[in-house]
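Working notes, beginning with the structure itself.
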Amino acid sequence: MTVLDAAPTGSAVPAVRGQGLVPVFVRLKLTLLRNGLRQSSGRRAAYVASLVVTLLLAAGQVIGLVVLRGHAQADTLVVLLSAVVALGWAVMPLFFPSGDETLDPSRLVMLPLRPRPLIGALLVASLIGIGPLFTLALSLGSVIAVAHGAVATVFGVVAVPLTLLVCVALARSVATANTRLLTSRKGRDLAVLSGLVIAVGIQFVNLGAQSLSRAGGLSALEPFADVVRWLPPASALGAVGSASEGAYGTALGQVLISLLALGALMWLWQRSLVKLMTAPDGSTIAAAEPSRDRSGAGRAGLYGLLPEGRTGTVMQRSLRYVVRDPKTKASWVTALAIGLIVPVLNAVQGAGSVYFACFAAGMLGMQMYNQFGQDTSAFWMVALSVSSARDAYVELRARALALLLITLPYTVLVTVLTAGLLGEWEALPAVMGLSFALLGAMLATGALASALFPYSIPQDGAFKNVVPGQAGLAWISLFGGMLASAVLSAPVIALTVWLHVADRQDWLWVLLPLGAVYGAFIGRLGVRLAAPRTADRLPEILAAVSKG
């Protein structure tokens, strides 16, 4: 649905002229939300679950902050927490956009709307959602935690909406300034960097939290809080703490900093909006390239080592997706980064286990899920070449083999590195065998999930991985498959646990050949079971993966 589709024919312009943009965009936001939830029960369930989780987290945050009222370090926590939330507002919309069409200014280019009233309407519409609700609850709890006295309460009344407005304006200005970049092909390729940044960032946050616990608590963060409390929007909540201490001049200055930041963000947002709606878009215009003779180049280099026939062709196509397709590349780079960072960082800290190396096999095994979704509408060419269960089996087997070309050496590398950092070489065969068994189980469940629960990966957004209405399928495919993989790996896991409990570590080497054979067997079995289902459901799969 587009913006024009949400309004009755012939009534959009009079409504805007008579009532202003704000009520129109608010109704539009609510209409799009309601119509989106009507599309499927899976989408309704996902939204309700997200809302419930957010409300529970928000309630927990408020209760926790209220309990901290009067604590010596409450002001430090409030200031730093608000800064983290603001950073999330600035970054996360670029990585995980919600797909809300009322907040996508590129859809409003052809409408006769002026930028200044438009950003006001978009700002108010942006306040409707789960994210603003969580931020509002967090700001309210923060004010309750640090406000002492009537003057501080007055500053708190101003700080709560000001913090929320600065966060939303920051997110919208950053998103608008990068709209064309993110919707271009080069911009979609930034998903690779974003996945790596998130993977590394989460682990460093974990490392920082552990270091903080060893340092003796929040008192170690006071020097950072003294700086952050002068940065918007944390300065708005910092003003409440300053007013509680009687530093009214300081509190006024901190509020003014947030107000100036809000004005600057609105000005930058307006400038970006004007540029977006008036300047020509040349980001996707490719320079003319001289024609080159590509005959014989298809199997050159390392691709020439692949087997002949359909197997080699499918493997080459899958590997080229990893190299060239932005969405596939982003997924692989993220999996590779997290699969290495989690075990290695824990090993460096000396607090991890060598069995954390199995995380690498699990992350890369997830790439087997939704195999046909990465083809999008081009899957029809694959469907035309599949006329029997045998063809489907060769197709799935070749895709699994292409995945194994990367996954097997990577799993060995991460396992050896983790064992070396921890000095637990005796557990190396067991970890490697367990990783192979887990990888085989995920290949099996991934092949079945690709046939039974296919979904489309949209191409119109840089970081959207599921089209609206198919989120339920994605959750069932991924998390249901991961749960099934754990069940399929249970025999090898149980044997590993028994050998440790029975103090038979000298027999751990048995797990390496056993896990490799079991993983190969269960993976091959899963592909064979998925093949006839893939052949029988080709029309349904094609319809599902072509929605993007």
Quiz item: Please walk me through it: do L439 and T407 pass side chain to side chain contact (heavy atoms under 4.5 Å, CB included)?
Solution: CA-CA 9 Å; L439 181 59; T407 304; 3.3 Å; yes
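- I522 and A444 make their closest contact through O-CB, 3.2 Å (heavy atoms, listed as atom of the first residue, atom of the second, distance).
- Residue M442 forms a side-chain contact (heavy atoms from CB on, under 4.5 Å) with just one option from M363, M368, M366, and that option is M366.
- Side-chain atoms of Y410 come within 3.5 Å of backbone N or O of L340 as a donor-acceptor pair.
- R537 places a side-chain N or O within donor-acceptor distance of the main-chain N or O of A451, the cut-off being under 3.5 Å.
- Of the possible donor and acceptor atoms, none in the side chain of S489 sits under 3.5 Å from a partner among the backbone N and O of A486.
- Atom CZ of R310 has more than 12 heavy atoms from other residues, nucleotides or ligands within 6.0 Å.
- To the nearest 0.5 Å, atom CZ of residue F372 and atom CD1 of residue I541 are 5.0 Å apart.
- Shown here for L428 and A419, the closest heavy-atom pair between the two residues is CD1-CB, 4.1 Å.
- Using a 4.5 Å heavy-atom threshold, the side chains of L403 and W332 count as touching.
- Side-chain atoms of S450 and R399 include no donor-acceptor pair closer than 3.5 Å.
- The side-chain contact (heavy atoms from CB on, under 4.5 Å) with V26 is formed by just one residue from the set T31, L21, I128; it is I128.
- For L448 against L529, the heavy-atom pair with the smallest separation is CD2-C, 3.9 Å.
- Look at E395 and R390 and you find no salt bridge, because none of the NZ, NE, NH1 or NH2 atoms lies under 4.0 Å from a carboxylate O.
- Judged by distance alone, the side chain of Y321 and the main-chain N or O of Q374 form no donor-acceptor pair under 3.5 Å.
- Panel note: side chain D375, backbone V382; no donor-acceptor pair is recorded below 3.5 Å.
- With hydrogens and angles disregarded, no donor-acceptor distance shorter than 3.5 Å links the side chain of T418 to the backbone of T415.
- Nearest heavy-atom pair, P532 versus A389, reported as atom, atom and distance to 0.1 Å: CA-CB, 3.9 Å.
- Across every non-hydrogen atom of A335 and L364, the tightest pair is CB-CD2, 3.7 Å.
- Residues V174 and W89 are not in side-chain contact: their nearest non-hydrogen atoms beyond the backbone lie 4.5 Å or more apart.
- Remark: the backbone N or O of A125 is paired with a side-chain donor or acceptor of K29 at under 3.5 angstrom.
- Side chain to side chain, Y369 and T445 meet the donor-acceptor criterion of an N or O pair below 3.5 Å.
- Annotation: side chain of V431 is not in contact with side chain of T496 (no heavy-atom distance under 4.5 Å).
- For the side-chain contact (heavy atoms from CB on, under 4.5 Å) criterion with F25, the lone passing option out of L30, L123, L118 is L118.
- Of all the heavy atoms in A361 and S435, the pair that sits closest is CB-O, 3.7 Å.
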